[in-house]
Amino acid sequence: MFPDVETPSPLLQHLNPEQRAAVTLPNEHALILAGAGSGKTRVLTTRIAWLLSTGQLSPGGVMAVTFTNKAAKEMMTRLSSMLPVNVRGMWIGTFHGLCNRFLRAHWKLANLPQSFQILDTQDQLSAVKRVMKQFNVDEERFPAKETQWFIGGCKEDGLRPRDVQVRTEEDRRRVELYQLYEEQCAREGVVDFGELMLRSYELLRDNDAIRAHYQRRFRHILIDEFQDTNKLQYAWIKIFAFNPDGSSGAGNSIFAVGDDDQSIYAFRGARVGNMADFVREFQVRHQIKLEQNYRSYSNILDSANALISHNKGRLGKNLRTDQGPGEPVRVYEAPTDLAEAQWLLEEMRHLVRGDGPEGGTARREIAVLYRSNAQSRVIETALFNAGVPYRVYGGLRFFERAEIKHALAYLRLLENPNDDTSFLRVVNFPPRGIGARSIEQLQDAARAAGCSLHDAVSATTGKAGANLGAFVAKIDVLREQTQNLSLREIIELVLQHSGLIEQYRAERDGAERIENLEELASAAESFVMQEGFGRDAVALPVDELSQSPVSQGLDPDQPLLNEPAPDYVPPDAETGETLSPLAAFLTHAALEAGDNQASAGQDAVQLMTVHSAKGLEFDVVFVTGLEEGLFPSERSMSDLDGLEEERRLMYVAITRARKRLYLSHSQTRLLHGQTRYNVRSRFFDELPEHALKWLTPKNQSFGGSAFGFGAGYASTRSGGGGGGGWNADRFASPPVPAQKAEPSHGLKAGLQVFHTKFGEGTVLSIEGQGDDARAQVKFTRHGVKWLALAVAKLTPVT
DNA sequence: CAGGCCATTGTTTTT
DNA sequence: CAATGGCCTG
């Protein structure tokens with residue numbers, strides 16, 4: 001039964017001592033502090049494989065939770081390559097995916113309609129707007145976005161409307177809206193993302209039999225990226241181990257893996273404190289640190305370690321590597337954002353040609369990281385003009401595109417006519433003469449009758465009623481017609497008869513949209529193949545705790561899937577009932593937004609925000625725009641927590657690099673149509689000098705924490721030339737550093753000046769020469785700003 | 001009812 | 001600079 005000490009399992013062979021210790025921990029709660037590049041996913045999957053192969057656990061007894069579908073898929077793929085186990089029947093998935101599976105299985109107890117649909121963020125916002133409109137809430141005083149954020153925040157904290165503390169009149173109003181929104185969702189048979197979590201948590205908390213069942217069933221629960229869990233997710237995990245009264249559950253073990261230094265999602269409710277709470281409340285006796293890094297050379301790691309050591313209250317961890325120092329971290333200062341882009345283009349060319357580490361670097365191994373999406377533009381333009389293939393991450397994802405959302409809305413109406421969100425989305429798209437007026441009337445009728453918009457149509461009269469009637473009839477006919485069709489056929493029929501294809505064919509750039517709609521049909525088809533609909537789907541004994549080891553989970557007739565679907569919902573254990581392929585596909589579309597941009601396969605440079613780079617690694621990494629006010633961002637600099645999160649973000653950025661790391665900043669940058677003068681980021685001052693190589697002279701900086709001011713900006717119009725002024729020559733010669741030469745403008749630090757817009761101020765410092773000259777001025781009324789002397793009208797005050 | 005024009009406003013992202 | 005949203009006219 002247990003591993004033979006003499007011949008350790010081959011699973012453990014390639015693990016270092018700490019990893020092995022983590023994998024083979026006894027069946028108790030444990031916290032693994034896994035540094036960047038320390039083999040975290042490997043430990044997680046090997047742990048599961050080891051438990052299964054030693055017979056300590058059956059596939060049905062494991063639950064593994066991740067944050068992204070990508071991570072869940074990777075875990076399943078790796079696991080199935082280690083062991084011949086059917087991963088589809090195992091509870092491996094995202095928090096939301098698993099909650100969905102749970103609620104599908106217990107929809108009655110959860111008080112949900114059997115085929116409830118899931119609202120994504122867009123849908124949720126329009127649902128909130130609808131509630132607010134219906135109850136005549138002033139959108140000026142209560143922006144819908146804010147209300148949405150409020151509702152989401154409440155759910156994340158596990159609070160129902162009646163649980164929310166009300167202090168002000170505005171609070172009372174918000175809670176009221178929350179309540180009304182809840183009622184609307186219930187009426188329409190839809191749940192939002194937060195609801196998936198909260199509803200399943202409540203069911204586990206309040207239903208003793210259900211809780212006892214799952215506590216017994218999931219002997220081992222493993223959680224990835226634990227530092228990113230929010231309050232509700234923590235409570236959700238806890239309810240599997242403890243009863244609401246605090247007594248221990250069935251003695252299962254929670255295996256949490258995380259890295260407090262990589263916690264970068266506090267802004268959306270993540271609580272790093274969950275790690276410390278976990279240790280305390282679960283009386284964790286096993287804590288293992290994975291500090292051996294297999295990714296980067298030591299100059300890169302030293303930089304990361306030095307930087308992050310400036311944060312307080314860390315759990316404490318230092319990455320180390322057996323690889324040598326490697327190349328120094330290169331630092332570059334550009335005069336403008338354009339020049340910065342030109343410079344990295346030039347560096348990339350060298351890298352790809354073969355001057356880089358170990359000969360030519362593949363473009364896909366080069367990543368350009370930035371703090372905010374807006375920064376990608378200049379870089380994209382430079383790459384595009386130079387004909388360098390690149391790929392930008394972020395932006396609209398497949399299932400979020402308008403045309404796809406429209407098609408899905410039609411499909412959702414087939415499944416659930418009460419889905420008013422979908423009804424409103426397509427009732428007049430393509431245009432069929434149903435305007436705001438008719439819709440308002442319809443909404444009034446629906447409210448009076450207490451029914452859905454769909455059902456209210458029959459009561460309406462007049463010419464508006466005729467159009468509405470035709471729409472509803474079309475939907476109902478489609479529902480009939482698609483009764484016995486395959487999913488692909490359903491979608492094709494809907495695309496034709498809804499008029500979507502026709503509509504886009506008439507539009508100027510509708511070709512791409514039509515392509516996407518065709519892609520939707522293909523996506524549906526491959527989804528059907530994956531989920532095994534149509535074929536005889538094998539109902540796994542998922543609800544029975546099998547005492548036998550791995551072999552029980554094996555099904556020789558079931559081929560192992562290359563890409564297991566993490567949102568798989570097993571058929572009902574009693575009735576064998578499964579979701580219709582359409583309902584399953586709609587759920588899939590809501591839970592997995594899909595890739596953002598295809599064009600994969602080509603060898604392209606990777607552009608992305610630091611946030612989306614988390615979890616990835618590249619041979620060469622450029623971190624750009626390292627300027628005060630940008631990175632760290634302006635909004636985070638006011639409080640310490642915000643600044644520490646920015647530092648962790650920087651830590652994540654640095655640790656993405658395997659072989660070579662570049663850090664760059666620019667003196668000026670065009671942002672919001674204005675030229676901003678930025679000081680280099682304080683993070684440069686927190687890096688070890690020995691690991692750095694300054695490609696441009698390191699000038700005296702007044703940035704950094706010494707003064708503690710943020711970067712101001714000169715409110716000058718950008719020159720009419722539109723940025724064409726900087727060319728290759730400009731950056732080829734390094735920018736002139738601030739000289740002590742006599743300035744021509746007659747200003748110097750300490751001088752009192754007057755500005756037409758900002759009034760009186762004191763010059764703090766001067767930098768640059770000629771047209772580049774700029775002054776940092778502390779204004780009495782407007783704070784510290786940087787002003788371009790060539791443009792700003794500054795006059796000395798006597 | 002629909003399309004066009006002007007004013008506003010800008011982190012980070014997954015489910 | 002750009003995307004988005006509200007308002008106004010044909």
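Quantities reported herein were computed from a predicted structural model and do not represent experimental measurements. Chain identifiers are assigned alphabetically (A, B, ...) following the order of the sequence lines, protein sequences preceding nucleic acid strands; residue numbering begins at 1 within each chain.
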- prompt: Atom CD of A:Glu634 and atom P of B:dG10: how far apart are they, to the nearest Å?
  reply: 13 Å

statement: Applying side chain to side chain donor-acceptor pair (under 3.5 Å) to A:Asn373 and not counting sequence neighbours gives none

- prompt: Are A:Ser438 and B:dC1 close enough that a side-chain N or O sits under 4.0 Å from OP1 or OP2?
  reply: yes

field: With A:Tyr651 via ring-ring contact (aromatic ring centres under 6.0 Å, His included) - residues at least two apart
entry: none

task: Answer yes when A:Arg160 and A:Glu195 have at least one side-chain N-carboxylate O distance shorter than 4.0 Å, and no when they do not.
output: yes

- prompt: OP1 or OP2 of B:dT13 less than 4.0 angstrom from a side-chain nitrogen or oxygen of A:Asn373, does that happen here?
  reply: yes

field: Presence of salt bridge, A:Lys614 and A:Asp228, under 4.0 angstrom
entry: yes

message: Rounding to an integer number of angstrom, what distance separates C:dA3 and B:dT14 when you compare their C1' atoms?
response: 23 Å

query: How is A:Asp120 classified with respect to the nucleic acid when contacts are heavy atoms under 4.0 Å: base, sugar-phosphate, or nothing?
result: nothing

- prompt: Using a cut-off of less than 4.0 Å, is there contact between a side-chain N or O of A:Asn69 and OP1 or OP2 of B:dT15?
  reply: yes

- request: Measure the distance from CG on A:Leu396 to P on B:dT14 and round it to the nearest whole Å.
  value: 12 Å

task: May I ask you to decide whether A:Glu634 forms a salt bridge with A:Arg676, counting only side-chain N to carboxylate O separations under 4.0 Å?
output: yes

- prompt: Heavy atom of residues 258-273 of chain A under 4.0 Å from DNA chain B: which residues?
  reply: A:Tyr265, A:Phe267, A:Arg268

- prompt: How is A:Ser633 classified with respect to the nucleic acid when contacts are heavy atoms under 4.0 Å: base, sugar-phosphate, or nothing?
  reply: base

message: What contact category does A:Leu671 fall into here, base, sugar-phosphate, or nothing, at under 4.0 angstrom with non-hydrogen atoms?
response: nothing

query: Counting any heavy atom closer than 4.0 Å, what does A:Gly433 reach on the DNA or RNA strands: base, sugar-phosphate only, or nothing?
result: sugar-phosphate

- request: State yes or no: are the ring centers of A:His406 and A:Tyr504 separated by less than 6.0 Å?
  value: no

task: Can you tell me the distance, in whole Å, between the NZ atom of A:Lys145 and the P atom of B:dT9?
output: 13 Å

statement: Testing B:dT14, B:dT11, B:dG10 for proximity to the side chain of A:His672, the answer is B:dG10

query: Choosing from B:dT15, C:dG5, B:dT11, which nucleotide comes nearest the side chain of A:Lys129?
result: C:dG5

query: Looking at the side chain of A:Arg377, which of C:dG5, C:dA2, B:dT15 is the nearest nucleotide?
result: C:dA2

- request: Grab the CD-C1' distance between A:Gln233 and B:dT13 for me, whole Å please.
  value: 13 Å

- prompt: To the nearest Å, how far apart are A:Lys70 NZ and B:dT15 P?
  reply: 10 Å

task: Mind checking A:Ala436 for me? I need base, sugar-phosphate or nothing, with any heavy atom below 4.0 Å counting as a touch.
output: sugar-phosphate

message: Just confirming the chi classification of B:dT12, syn or anti, using 90° around 0 as the syn window.
response: anti

- line: Among the nucleotides B:dT12, B:dT15, B:dG10, whichever has the atom closest to the side chain of A:Thr94 is B:dT15

query: What integer distance in Å separates A:Leu616:CG from B:dT14:P?
result: 11 Å

- request: Considering only NZ, NE, NH1 and NH2 on the basic side and carboxylate oxygens on the acidic side, decide whether A:Arg669 and A:Glu340 come within less than 4.0 Å.
  value: yes

- prompt: B:dT14 P sits how many Å from A:Glu156 CD, rounded?
  reply: 15 Å

message: What contact category does A:Gln124 fall into here, base, sugar-phosphate, or nothing, at under 4.0 angstrom with non-hydrogen atoms?
response: nothing

- request: Would you please confirm or rule out a distance under 4.0 Å between OP1 or OP2 of B:dT13 and any side-chain N or O of A:Thr609?
  value: yes

message: With a 4.0 Å cutoff (strictly under), does any side-chain N or O of A:Arg437 reach OP1 or OP2 of B:dC1?
response: no

- prompt: Between the base of B:dT12 and the side chain of A:Ser636, is there a donor-acceptor distance below 3.5 Å?
  reply: no

- prompt: Is the shortest distance from a Lys or Arg side-chain nitrogen in A:Glu182 or A:Lys155 to a carboxylate oxygen in the other one below 4.0 Å?
  reply: yes

message: Pick the closest DNA chain B nucleotide for A:Gly435 and for A:Leu649 by heavy atoms, then say which residue is nearer the 5' end.
response: A:Gly435

query: Should A:Arg648 and A:Glu645 count as an ion pair when the cut-off is N to O under 4.0 Å?
result: yes

- prompt: Does a nitrogen or oxygen in the side chain of A:Asn428 sit under 4.0 Å from OP1 or OP2 of B:dA2?
  reply: yes

- request: Could you state the atom-to-atom distance from CZ of A:Arg635 to P of B:dT12 in whole Å?
  value: 10 Å

